[in-house]
2 protein chains.
Amino acid sequence: MKPRSYACGLDAAIDVIGGRWKALILWALHHGPMRTGELRRSVSGISEKMLIQVLREMEADEIVHREVFHEVPPRVEYSLTSLGVRLNEALLPLGDWGEENMRAIARRRGVEPAPRH
Amino acid sequence: MKPRSYACGLDAAIDVIGGRWKALILWALHHGPMRTGELRRSVSGISEKMLIQVLREMEADEIVHREVFHEVPPRVEYSLTSLGVRLNEALLPLGDWGEENMRAIARRRGVEPAPRH
DNA sequence: CAGGATCCTTACCAAAAGGTGAGTACCTGA
DNA sequence: TCAGGTACTCACCTTTTGGTAAGGATCCTG
């Protein structure tokens with residue numbers, strides 16, 4: 001449901017990172033450039049279709065850079081743009097908050113908490 | 001689409017603040033406790049039904065405190081819990097990021113940028 | 001009585017997000 | 001030919017989120 005007008009910066013940012021998979025993909029790319037298959041294996045539970053769909057959206061939002069290498073088998077590499085890097089930095093406090101309150105959040109929603117790391 | 005298991009803190013946090021209205025409501029409550037009608041007027045575009053629905057979810061997540069005053073006309077006040085206050089703090093950098101990149105985000109999505117403030 | 005204030009719930013529907021399965025392309029090796 | 005590798009697209013469907021409209025409750029005032 002697209003707002004006609006953003007109310008504030010946070011409203012816009014949530015639009016960019018919202019959905020089930022984007023934050024996880026952003027985080028996976030934090031470690032460095034990755035290929036489609038690597039991302040697929042790294043982000044548990046995502047289908048190839050959803051992965052590619054979401055990566056295309058993130059590319060359109062200019063937080064992810066997609067680089068095609070003309071070789072066989074096909075090789076496409078995704079990496080964070082500088083905008084994406086700054087976004088990831090801005091997400092750190094939120095990730096910390098989630099980590100601190102993981103067990104309570106998970107319990108209330110009937111979800112397994114994340115393994116510790 | 002509820003994940004079976006959270007992958008990390010950020011995954012859990014996004015689950016708590018995701019959707020069209022939660023971030024805006026969180027922000028509105030940042031200024032202090034508010035009644036239903038005040039919130040309705042403050043969050044542009046939200047219907048009464050959605051407002052109440054989302055407030056109930058946030059209450060269940062324990063980021064919002066709902067206090068019923070037994071008077072007429074009915075008076076119900078919503079305020080941030082300490083958990084909610086910490087969440088709002090964690091959202092500040094993300095809001096800043098969104099503010100800095102507002103025009104580009106809005107342009108790409110065909111949305112009006114937020115008025116400056 | 002009607003209308004006002006406040007807050008909330010229900011029925012039903014629309015829109016968006018996400019998912020499965022099948023197919024496509026390139027190539028190599030058995 | 002088949003199987004394997006890589007990355008991607010389309011058709012169709014399911015699930016989730018959000019929306020409209022109508023109704024309900026309390027009391028007070030004209």
Does D:dC8 have OP1 or OP2 sitting under 4.0 Å from an N or O in the side chain of A:Thr36?
-> yes
Using whole Å, report how far NE2 of B:His70 lies from C1' of C:dT6.
-> 14 Å
When we call it a touch if two heavy atoms are under 4.0 Å apart, what does A:Arg40 touch: a base, just sugar-phosphate, or nothing?
-> nothing
Counting distance only, does the side-chain N/O of A:Glu112 pair as donor-acceptor with the main-chain N or O of B:Ser5 below 3.5 Å?
-> no
Would you say D:dC8 has OP1 or OP2 under 4.0 Å from some side-chain N or O of A:Tyr78?
-> yes
Nearest to the side chain of A:Ser47, which nucleotide is it out of D:dC8, C:dT20, C:dC8?
-> C:dT20
Might you point out which heavy atoms bring B:Arg40 and B:Leu51 nearest each other, and give the distance in Å?
-> N-CD2, 3.6 Å
Can you find a side chain N or O atom of A:Arg20 that sits less than 4.0 Å from OP1 or OP2 on C:dA17?
-> no
A:Lys49 NZ to D:dT14 P, in whole Å, measures 14 Å
Side-chain N or O of A:Arg75 closer than 4.0 Å to phosphate OP1/OP2 of C:dC26 | no
Closest nucleotide among C:dG19, D:dT20, D:dG18 to the A:Met50 side chain | C:dG19
Would A:Glu67 and A:Arg75 pass as an ion pair if we require N to O under 4.0 Å?
-> no
Respond yes when some side-chain nitrogen or oxygen of A:Arg35 is under 4.0 Å from OP1 or OP2 of D:dA7, and no when none is.
-> yes
Here the distance between atom P of D:dA7 and atom CZ of A:Phe69, to the nearest Å, is 11 Å
Measure from CD on A:Glu77 to C1' on D:dT6 and round the result to the nearest Å.
-> 14 Å
Five-pair end axes of the helix from C:dC1-D:dG30 to C:dA30-D:dT1 and the angle they enclose, rounded to 10° | 40°
If you measure from the Lys or Arg side-chain nitrogens to the Asp or Glu carboxylate oxygens, is any gap between B:Asp61 and A:Arg109 under 4.0 Å?
-> yes
Spacing of B:Ile52 atom CD1 relative to D:dG23 atom P, expressed in whole Å = 18 Å
Tested for side chain to side chain contact (heavy atoms under 4.5 Å, CB included) against A:Ile46, the lone hit among A:Ile52, A:Ile25, A:Leu24 is A:Ile25
Round to the nearest Å and state the distance from B:Glu48 atom CD to D:dG19 atom C1'.
-> 14 Å
Are any of the side-chain nitrogens in A:Glu77 or A:Arg66 under 4.0 Å away from the carboxylate oxygens of its partner?
-> no
Nearest whole angstrom, please: distance from the P of D:dG18 to the CG of A:Asp15.
-> 12 Å
Measure the distance from CD1 on A:Ile14 to C1' on D:dT17 and round it to the nearest whole Å.
-> 15 Å
If you pin A:Glu57 and A:Pro74 to their nearest nucleotides in DNA chain C, which one's is more 5'?
-> A:Glu57
Do A:Leu87 and B:Leu94 have side chains that get closer than 4.5 Å, going by heavy atoms?
-> yes
Name the closest nucleotide to the B:Val72 side chain, picking from D:dC27, C:dC7, C:dG19.
-> D:dC27
A:His30 and A:Trp27 aromatic ring geometry - parallel, tilted or perpendicular at 30°/60° bounds = parallel
